[in-house]
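Comments concern the structure below.
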Amino acid sequence: MIRKKIAEIISNACEVSKKQGILPENVNVNPSVEIPREEGFGDYSTNIAFLLAPIIKKSPSEVARILIEKINPGDICEKVDVAGKGFINFYLKNDVWRNLLKDVYTKGIGSLYPNVGEGKKVLIEFVSANPTGPLHIGHGRGAAVGDVLANILKSVGYIVSKEYYINDAGRQIKTLGESTYLRWKELQGEEVLYPKDCYQGDYVKDLAGQLIESKVEIPLDRDAAVSFMARFSSSEILKGIQQDLGDFGVVFDNYYNESTLFDRGVVETTLDLLKEKGYAYEKDGALWFTTSKFEKDEDRVLIKSGGEKTYFTSDIAYHMDKFNRSFDMLVDIWGSDHHGYIPRLKASIQALGHDKESFKALLIQFVTLLKDGKPAGMSTRSGQFTTLQEVVNEVGRDAARFFFLIRKSDAHLEFDLDLAKKSSNENPVFYVQYAHARIASIFRNAQSEGIGTDSFHGVDVTLLTLNEEINLIKGILHFYHVIEGSAKSLEPHRITFYLIDLVGRFHSYYNKTRVLGNTKELTLARLWLLSMLKEVIRNSLGILGVSAPEKM
RNA sequence: GCGCCCGUAGCUCAGUUGGAUAGAGCGUUGGCCUCCGGAGCCAAAGGCCGUGCGUUCGAAUCGCACCGGGCGCACCA
């Protein structure tokens, strides 16, 4: 918004300098216009002097001083000065900030969302855990990241679809059938040796028990029984997963079964295409894909010498199918232990003629649960995992989502269960929600004092003169940049950090300044500011899928 | 052995894609309620950005080497 104007001012100054012979006609630099870290350095700053210095062989600070003479800030800047070793800092007039916010007020909150997506179609695939057991906490983190990323991208003009992929054609589901079968035998009083590589969790026994209770007819043939139970168990578990996800606030647009890729012949088509293009070759009785032609990675097997297709093959087919469904961008969210898988998938995408930049894999690092300051174990093999459901029951949906989003997704996350339950400023979720409730409370009080807040028509925003007030306005407007950056970098955690910062500004302001009980005009102006603030907080929380309570 | 990620205050982590004197929160210390929700606020102390070279006006950020932690390296999924 205003950034463009600053850039214009800078380039105008350059043009003037060129005309006056200070700068050579042919220079063309691309100066930055950024928001300085420190408040004392103004609202925007540019590095143009550093870029021009070597060209005209003068020191950056000298260049800056010359350039600043040529700068015509129009009526938007309070002052422009040179600082540091040659930065040019722009200090905007308070009026500019107030008017920008007023603009948002009249145009609606939608004007705070940049249009970066331009209607492009994105498919976000996440969780995709095989229905062989309940979701654990790591899946929870992936679910939160994927869901919120979807919200972010939607809000900036992408058309987003959320998809869950199920490897129902693989061995894991077969093993689940086997496990259920053995437990079922056990329950019927037979002595069985339960192998280590079968699923150890008690839920398998429950499923077997369900089978007996429901009195369904079970095929007599062992193999038929196993595959029957595989179908039964996986579909029961999937129901549970969907339930857990629903409780967590995550709803998928589509569940996609690997088996349909085979049924519809997509796998065969993909293989034919790869062969046709010369990216598949035979060696040692197996069919290989030429990963190494595209990425720094080894060639990988598509069809084993035994004739069986690898998981990789159906995955290539799956991603080709995604493109065939006319998605422009594919985002996959994986556990970070799958990072070695990225090059080969990227290679396959290029082999099929797509831009490798249209595919992004986000990696989710592991979560350590802390209880009483100590790590709470989660070993899946022994069946003692901490499930997503347990965590949601323990700390609530809001806290769980917020905590999952408080770190960059590829960084380790320590999830302190005790902290997530605390009702104090130590707990960032409460800190943010409390601000919203506090503002709501002010509005309730205003109402009972007979101050109408339905319409701010004719409000005099120039009464907002305090530093803290201008600071809040800047914070609200900053949403635009945050959501833009968050969308472009695919980093949901930026919203979380933004909220904590924004709300901190409010709490300070609140402590120092009374909103109600001033002159009617001033009170109304402050209420107007808070109404905008409240709306941005609510929007941000909405993107995170966290509630914005009116009372707590 | 090869590859990827990470190393920033006592702890947990940000750091606007190369910018200025490196920032939050927690914890510690000391303050603030006759007043809109103290579930809050203010202030102080706290740093060799793992180490060493390099790239340049300028590096926590980019490159190389090393140290330390995590994870991958299947005709598994």
Side-chain angles (χ1 to χ4, degrees), chain A residues 32 34-38 40-41 45-47 49-51 53-54 59-61 63 83-87 89 130 132 167 169-173 175 258 283-288 296-298 300-312 314-315 335-343 363 365-366 370 373 406-408 410-414 416 419 422-428 430-431 433-435 437-446 448-449 478 481-482 484-485 488-489 493-494 496-497 500-501 504 506-517 523 526-527 530 551-552:
Chain A
S32 69
E34 54 191 31
I35 300 166
R37 178 162 36 76
E38 209 137 335
F41 296 144
S45 84
T46 178
N47 65 348
F50 294 96
L51 304 178
S59 76
S61 61
V63 177
K85 291 164 192 155
F87 286 94
N89 295 336
N130 273 341
T132 57
N167 287 124
R171 210 180 51 204
Q172 289 182 25
I173 300 286
T175 307
E258 182 188 6
K283 194 184 93 183
D284 305 332
L287 188 73
W288 298 69
K296 237 178 106 182
D297 194 28
E298 289 159 39
R300 304 288 170 177
V301 168
L302 294 166
I303 303 178
K304 305 181 210 171
S305 52
E308 217 180 320
K309 294 174 189 78
T310 61
Y311 169 86
F312 180 43
S314 35
D315 224 19
S336 64
D337 53 336
H338 286 69
H339 67 78
Y341 198 73
I342 296 176
L363 298 177
Q365 268 287 4
F366 293 114
L370 292 180
I406 210 165
R407 299 281 169 258
K408 246 190 317 217
D410 60 352
H412 279 279
L413 171 66
E414 286 206 356
D416 188 331
L419 177 62
K422 266 192 199 165
S423 305
S424 75
N425 61 345
E426 293 167 60
N427 181 351
F430 278 83
Y431 187 66
Q433 290 184 317
Y434 179 56
R438 226 178 191 183
I439 297 169
S441 165
I442 294 173
F443 278 97
R444 281 194 297 273
N445 290 330
S448 66
E449 285 175 29
H478 193 51
H481 297 298
V482 172
E484 182 182 31
K488 285 184 175 166
S489 61
H493 76 280
R494 295 196 191 195
T496 320
F497 277 89
I500 294 169
D501 175 76
F506 164 71
H507 284 307
S508 292
Y509 174 61
Y510 177 90
N511 246 267
K512 225 169 138 178
T513 320
R514 282 192 61 88
V515 174
L516 303 178
T523 296
R526 289 182 173 165
L527 283 171
L530 291 195
K551 278 185 186 171
M552 291 171 77

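All of these numbers come straight from a predicted model, not from anything done at the bench. Residue numbers begin at 1 in each chain, while the letters A, B, ... track the order of the sequences.
Annotation: side-chain hydrogen bond (donor to acceptor under 3.5 Å, both in side chains) contacts of A:Lys422 (sequence neighbours excluded): A:Glu426.
In the set B:rC41, B:rA77, B:rC6, the nucleotide with an atom closest to the side chain of A:His507 is B:rC41. With B:rG38, B:rA77, B:rC36 as the choices, the nucleotide that has an atom nearest any side-chain atom of A:Asn445 turns out to be B:rC36. In the set B:rA14, B:rA20, B:rC76, B:rC76 carries the atom at the smallest distance from any side-chain atom of A:Arg171. Of the candidate nucleotides B:rC75, B:rA20, B:rC41, B:rC41 has the atom nearest to the side chain of A:Asn511. The side chain of A:Ser508 approaches B:rC41 more closely than any other nucleotide in the set B:rA20, B:rG15, B:rC41. Side-chain atoms of A:Glu414 lie closest to B:rC13 of the nucleotides B:rG19, B:rC13, B:rG72. Distances were taken from every side-chain heavy atom of A:Asn89 (C-beta onward) to each of B:rC75, B:rA20, B:rC36; the shortest belongs to B:rA20. Of the candidate nucleotides B:rG19, B:rA20, B:rG38, B:rA20 has the atom nearest to the side chain of A:Ala83.
The distance between atom CZ of A:Arg407 and atom P of B:rA24, rounded to the nearest whole Å, is 16 Å. Straight-line distance from the CZ atom of A:Arg526 to the C1' atom of B:rC36: 12 Å, rounded to whole Å. Between A:Lys304 atom NZ and B:rC76 atom C1' there is a gap of 7 Å when expressed in whole angstrom units. Here B:rC75 presents its P atom at 9 Å from CD of A:Glu298, a figure rounded to the nearest Å.
Applying the 90° cutoff around 0 to the glycosidic angle, B:rU55 is assigned anti.
Two residues, A:Ala437 and A:Leu363, neighbour RNA chain B, and the one matched to the more 5' nucleotide by heavy-atom proximity is A:Leu363. Nearest-nucleotide assignment on RNA chain B puts the 5′-proximal partner with A:Phe87, out of A:Asn130 and A:Phe87.
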Intra- and inter-strand pairing of RNA chain B, written as dot-bracket with Watson-Crick and G-U pairs under 3.5 Å and | for the latter, reads (((((.(..((((.....[...)))).(((((.......))))).....(((((..]....)))))).)))))....
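Note on A:Tyr510: a base of the nucleic acid sits closer than 4.0 angstrom, heavy atoms only.
Nearest heavy-atom pair across A:Leu363 and A:Gly335 is CD2-O, 4.0 Å.
Side chain of A:Arg526 to backbone of A:Arg514: a donor-acceptor contact under 3.5 angstrom is found.
With centres under 5.5 Å and a plane angle under 30°, the ring of A:Phe41 is stacked against the base of B:rA20.
With hydrogens and angles left out, the side chain of A:His339 and the base of B:rG3 share a donor-acceptor pair within 3.5 Å.
A donor-acceptor pair shorter than 3.5 Å can be found between the side chains of A:Ser489 and A:Arg494.
Under 4.0 angstrom from either OP1 or OP2 of B:rG15 there lies at least one side-chain N or O belonging to A:His493.
Here the separation of B:rU56 from B:rG50, taken at their C1' atoms, is 24 Å to the nearest Å.
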